[in-house]
> 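Have a look at this one.
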Amino acid sequence: MPVLQTYNMSYQFDNGEMLFQSLSCSMTKPRVGIIGRNGVGKSLFAAILCGDIMPTSGKVTLPHSFGVYRQQRSQLPSGDLSIAQFLSKSHVLDALKQVEAGKFSAHLFDVIGDQWDLLKRLTKQLDEMGLPQDPDFPCAQLSGGQLTQLQLWQLFESQVALLILDEPSNHLDTKTKQWLINSMRSFKGAILLISHDRELLNEQDEIWALSGLGLQIFGGNYSAYAEHKRLEKDALVRQIASIDKQKRHLKRQAQRNREKAEQRAVQGKKLRQDGSQPKVMLDSMKDKATAGTASRNKNEQRRQTHLQDKENSLNKRKEQFKEQFNKQSLYLGSNQSSSRKVISILDAILPFGSRAPINLQIYAHDKVHLIGNNGSGKSTLLKSLQGELTFLQGELNLNTSLYYLDQHFSVICPERSILDNLMQHCEEMKENDARTLLAGIGFRQDGVFRLANKLSGGEMMKLAMLIASHQGTQPFLLLDEPDNHLDIDSKIMLAQALVKYPGGFILISHDADFAKESGVTQQVTL
């Protein structure tokens, strides 16, 4: 029996733009990966599946129990919630503390049940995952990667029939991603994974490729899918080349036929002029030649039409590949020209994360790759630079304006349109210039009026990068994992834009290749 099913599911934006139409699918494999370029609707597809958003039309059937990991900020713990409270273990731990303090009651025993060793087990599990071992540790002080791991752990500990995981590896370092892979392997229920991570996708039994043309299903993991698409593309290229060769041959043959017809016409004219052949016979020969030429022309036209129709059909199939060829460009503007020192840190101690003193000198054109394990304090350092947090000790001197782009693109107002968001945060920008920049990242014509809450993670990143880099003050950029939500093509586009960016930036990224391609000039490790 299928784990989930959709029947004729469609979704249309408020501005009339159709994202996908009449999607029908049935999940029969225990591990399925969903792939597709940024903006095609993967996260929205998942949101419809789990009931967060209603489809414009169609039906979704889900199992009786399921869990969801969402890549957006809305699911992050808030306030003073502790690890134990987030995991819904605090009531048992509180009961254990009361019993240890000498309080005994039937109610306390009922709460504890058979979990007398909960604190020991929980502390051990937290230690194995590299998380703080104190169950009372505030979630607000965890890094993005640690929060992600905590949320995923809670889901894997559940007994649900299906997990829908939307980009679960985005904030994870190498060690934690291996923990995720092991957890996925041991989970007894089914998993529907949305990801650009080929290592995770190779753990799946089936690949669903979502595009503007619909949903295609491929048996096997991502490597099998990629090989299938490579062979399909190679065959398509050969077929198109063969059609082109046939068209050239037909054109040469038609030219030869025309030349022969012209030669026969000249010969007939000469025979008429010298009078050596009867006129009746010459007229008959001319009629036959004319009929033959008409027949050949008709056949040639028929063959040309057939080849053209075949070529059109092949080119239509090629559009499935060209959807990935849809070249976009991200222009990051800046007028930074000074080589002055813009950030100076002396013997600074972070409020969270690493306790080693930090000494750092950064100049206006420096492009810095900030690395370290989850929880080492990378995001904390960026937040301290821009004033959201304060160093416990040490000195900080700034000689530039900063712009902090966090992992969740909080600069973007979900209820405003794409165009309004850009123009609101870039007050001196004219609408024509804004539209030109947005067209470069795939939003054309009425697409600029789509509300930001309908954007994918990758689309949010591109919009946020435009906002960050087109400030009137031309700030030094603080980029906290901007590549997390991007497909491979979009990562390349962002890296190329950062290489050309004439100003400086500090970049946090777990992808060493992306950082290198972004033109980083130095590496700082916490």
> Kindly say whether Asp420 contributes a backbone atom to a donor-acceptor pair with the side chain of Ser417 at under 3.5 angstrom?
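Yes, Ser417 side chain to Asp420 backbone: donor-acceptor pair under 3.5 Å.
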> For Asp136, what residues pass the salt bridge (Lys or Arg N to Asp or Glu O under 4.0 Å) criterion, not counting sequence neighbours?
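Scan of Asp136 (salt bridge (Lys or Arg N to Asp or Glu O under 4.0 Å), adjacent residues dropped) gives Lys97.
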> Go through the steps to decide whether Ile508 and Leu479 satisfy the test side-chain contact (heavy atoms from CB on, under 4.5 Å), and finish with yes or no.
CA-CA 6 Å; Ile508 298 176; Leu479 307 175; over 6 Å; no
> Above 12 or not: heavy atoms from other molecules or residues under 6.0 Å from CD of Gln159?
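At most 12 heavy atoms, drawn from other residues, nucleotides or ligands, come within 6.0 Å of this atom.
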> Are Ile343 and Tyr363 close enough that some pair of their side-chain heavy atoms sits under 4.5 Å apart?
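A side-chain contact under 4.5 Å is absent here.
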> Near Met54 CE, under 6.0 Å, is it more than 12 heavy atoms from other residues, nucleotides or ligands?
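It does not: Met54 CE has 12 such atoms or fewer within range.
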> Using only atom types and a distance under 3.5 Å, with no angle test, would you say the side chain of Thr56 pairs donor to acceptor with the backbone of Gln12?
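Side chain of Thr56 to backbone of Gln12, a donor-acceptor pair under 3.5 Å: yes, one is there.
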> If you apply the rule side-chain contact (heavy atoms from CB on, under 4.5 Å), what do you find for Phe66 with Leu4, and how did you get there?
CA-CA 10 Å; Phe66 63 92; Leu4 70 81; over 6 Å; no
> Apply side-chain contact (heavy atoms from CB on, under 4.5 Å) to Lys491 and Met461, showing your working.
CA-CA 11 Å; Lys491 270 196 177 188; Met461 181 286 303; over 6 Å; no
> Report yes or no: does Arg416 contribute a side-chain atom to a donor-acceptor pair with the main-chain N or O of Leu451 at less than 3.5 Å?
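No; judged by distance alone, with no hydrogens or angles, the pair does not exist.
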> Can you name the salt bridge (Lys or Arg N to Asp or Glu O under 4.0 Å) partners of Asp52, sequence neighbours left out?
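Here the qualifying residues are Arg70.
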> Do the non-hydrogen side-chain atoms of Leu126 and Leu122 ever get within less than 4.5 Å of each other?
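When only atoms from C-beta onward are counted, Leu122 and Leu126 do touch, with a gap below 4.5 Å.
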> Could you tell me whether the side chain of Ser384 and the main chain of Thr380 form a donor-acceptor pair under 3.5 Å?
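Yes, Ser384 side chain to Thr380 backbone: donor-acceptor pair under 3.5 Å.
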> Tell me the closest heavy-atom pair linking Ile418 and Gly447, and the distance in Å.
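Looks like CD1-O, 3.5 Å.
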> Would you mind checking if Glu203 and Arg31 are paired as a salt bridge, meaning a charged N to carboxylate O distance below 4.0 Å?
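Between Glu203 and Arg31 there is no salt bridge, as every charged N stays at least 4.0 Å from the carboxylate O atoms.
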> Is a side-chain N or O of Gln149 found less than 3.5 angstrom from the main chain of Leu131, in a donor-acceptor match?
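No: the side chain of Gln149 does not pair with the backbone of Leu131.
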> Between Arg355 (side chain) and Pro351 (backbone), is there a donor-acceptor pair under 3.5 Å?
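The answer is yes, because a donor-acceptor pair under 3.5 Å joins these two groups.
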> Using side-chain heavy atoms (C-beta onward) and a distance below 4.5 Å, is Leu422 in contact with Phe443?
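Side chain of Leu422 against side chain of Phe443, heavy atoms only: no contact under 4.5 Å found.
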> Testing Ile34, Leu201, Ile164, Val32 one by one against Leu193 for a side chain to side chain contact (heavy atoms under 4.5 Å, CB included), which residue passes?
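When side chain to side chain contact (heavy atoms under 4.5 Å, CB included) is applied between Leu193 and each of Ile34, Leu201, Ile164, Val32, only Leu201 qualifies.
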> Checking Tyr69 against Asp166 for the side chain to side chain donor-acceptor pair (under 3.5 Å) test, could you report, in this order, the C-alpha distance in whole Å, the side-chain angles of both residues, the deciding distance, and whether it holds?
CA-CA 6 Å; Tyr69 174 80; Asp166 189 359; over 6 Å; no
> Please check: side-chain N/O of His369 versus main-chain N/O of Val524, any donor-acceptor pairing under 3.5 Å?
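No, the answer is negative, given that no donor and acceptor are paired below the 3.5 Å cut-off.
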> What residues, two or more places apart in sequence or in another chain, satisfy side-chain contact (heavy atoms from CB on, under 4.5 Å) together with Pro414?
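For Pro414, the residues satisfying side-chain contact (heavy atoms from CB on, under 4.5 Å) (neighbours in sequence not counted) are Asn453.
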> For Lys367, enumerate each residue passing the side chain to side chain donor-acceptor pair (under 3.5 Å) test, keeping only those at least two apart in sequence or located in another chain.
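Applying side chain to side chain donor-acceptor pair (under 3.5 Å) to Lys367 gives none.
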> Just by distance, with hydrogens left out, do Glu206 and Trp208 show a side-chain donor and acceptor under 3.5 Å apart?
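Trp208 and Glu206 do have a side-chain donor-acceptor pair below 3.5 Å.
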> Side chains of Met184 and Gln204: closer than 4.5 Å at any heavy-atom pair?
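With C-beta onward as the side chain, the pair touches.
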> Within the 4.5 Å heavy-atom criterion, are Asp134 and Thr123 side-chain neighbours or not?
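No; the side chains remain at least 4.5 Å from each other.
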> Any sub-3.5 Å donor-acceptor pair from Asn202's side-chain atoms to Ser223's backbone N or O?
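Such a contact is found between Asn202 side chain and Ser223 backbone.
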> Do Asp205 and Asn221 have side-chain atoms, one donor and one acceptor, less than 3.5 Å apart?
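Result is no, nothing qualifies.
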> List for me each residue that meets side chain to side chain donor-acceptor pair (under 3.5 Å) alongside Gln154, sequence neighbours excluded, and say none if there are none.
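Side chain to side chain donor-acceptor pair (under 3.5 Å) check on Gln154 returns nothing, list empty.
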> Tell me the salt bridge (charged side-chain N to carboxylate O under 4.0 Å, His left out) pairs involving residues 369-396, sequence neighbours left out?
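Checked against salt bridge (charged side-chain N to carboxylate O under 4.0 Å, His left out) - neighbours excluded - no pair reaches residues 369-396.
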> Would you say the side chain of Leu87 lies within less than 4.5 Å of the side chain of Leu150, judging by non-hydrogen atoms?
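SC-SC contact between Leu150 and Leu87 confirmed.
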> Would you check if Leu526 and Ile371 make a side-chain contact, meaning some heavy-atom pair closer than 4.5 Å?
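When only atoms from C-beta onward are counted, Ile371 and Leu526 do not touch, as no gap falls below 4.5 Å.
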> Any non-hydrogen side-chain atom of Ile207 less than 4.5 Å from a side-chain atom of Gln216?
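SC-SC contact between Ile207 and Gln216 ruled out.
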> Kindly write out the residues that satisfy salt bridge (Lys or Arg N to Asp or Glu O under 4.0 Å) with Arg121, not counting sequence neighbours, or none if the list is empty.
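Only Asp117 meet the salt bridge (Lys or Arg N to Asp or Glu O under 4.0 Å) criterion with Arg121.
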> Using the side-chain contact (heavy atoms from CB on, under 4.5 Å) criterion, which residues pair with Ala84? Sequence neighbours excluded.
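Residues passing side-chain contact (heavy atoms from CB on, under 4.5 Å) with Ala84: Ser82, Ser90, Leu93, Pro135.
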> Hey, mind stepping through Val368 and Val520 against side-chain contact (heavy atoms from CB on, under 4.5 Å) and telling me if it holds?
CA-CA 5 Å; Val368 181; Val520 296; over 6 Å; no
> With sequence neighbours excluded, what pairs up with Ile53 under the side-chain contact (heavy atoms from CB on, under 4.5 Å) test?
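Scan of Ile53 (side-chain contact (heavy atoms from CB on, under 4.5 Å), adjacent residues dropped) gives Tyr11, Leu44, Ala47, Ile48.
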> May I ask you to check whether Asn170 and Glu481 show a side-chain donor-acceptor distance below 3.5 Å?
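Per modelled atom types, Asn170 and Glu481 side chains form no pair under 3.5 Å.
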> Please name all residues satisfying side-chain contact (heavy atoms from CB on, under 4.5 Å) with Arg198, sequence neighbours left out, ordered by chain then number.
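Only Tyr222, Ile488 meet the side-chain contact (heavy atoms from CB on, under 4.5 Å) criterion with Arg198.
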> Tell me every residue that passes salt bridge (Lys or Arg N to Asp or Glu O under 4.0 Å) with Lys89, counting only those two or more places apart in sequence or in another chain.
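Listed in chain order: nothing, the list is empty.
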> Charged N to carboxylate O under 4.0 angstrom, Lys462 versus Glu459?
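Between Glu459 and Lys462 there is no salt bridge, as every charged N stays at least 4.0 Å from the carboxylate O atoms.
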> Does the pair Gln178 and Asn182 meet the rule for a side chain to side chain donor-acceptor pair (under 3.5 Å), with working shown?
CA-CA 6 Å; Gln178 187 56 53; Asn182 294 337; 3.2 Å; yes
> Which of these, Ile492, Leu498, Leu494, Val499, sits in a side chain to side chain contact (heavy atoms under 4.5 Å, CB included) with Gln496?
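Exactly one pass, corresponding to Ile492.
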> To check you understand the geometry: which heavy-atom pair defines the closest contact between Gln146 and Pro132, and what is its length?
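Closest approach of Gln146 to Pro132: NE2-CD, 4.0 Å.
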> Can you check whether Val411's main-chain N or O pairs, donor with acceptor, with His425's side chain at less than 3.5 Å?
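A pair under 3.5 Å: yes.
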> Taking atom types as modelled, is there a side-chain donor on Asp127 or Gln133 under 3.5 Å from an acceptor on the other?
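Yes, a side-chain donor-acceptor pair sits under 3.5 Å.
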> Between the side chains of Asn373 and Ser376, does any donor sit under 3.5 Å from an acceptor?
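Side-chain D/A pair, Asn373 to Ser376: absent.
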> Could you work out, with side chain to side chain donor-acceptor pair (under 3.5 Å) as the rule, every residue matching Ser344, not counting sequence neighbours?
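Ser344 satisfies side chain to side chain donor-acceptor pair (under 3.5 Å) with Gln361 only.
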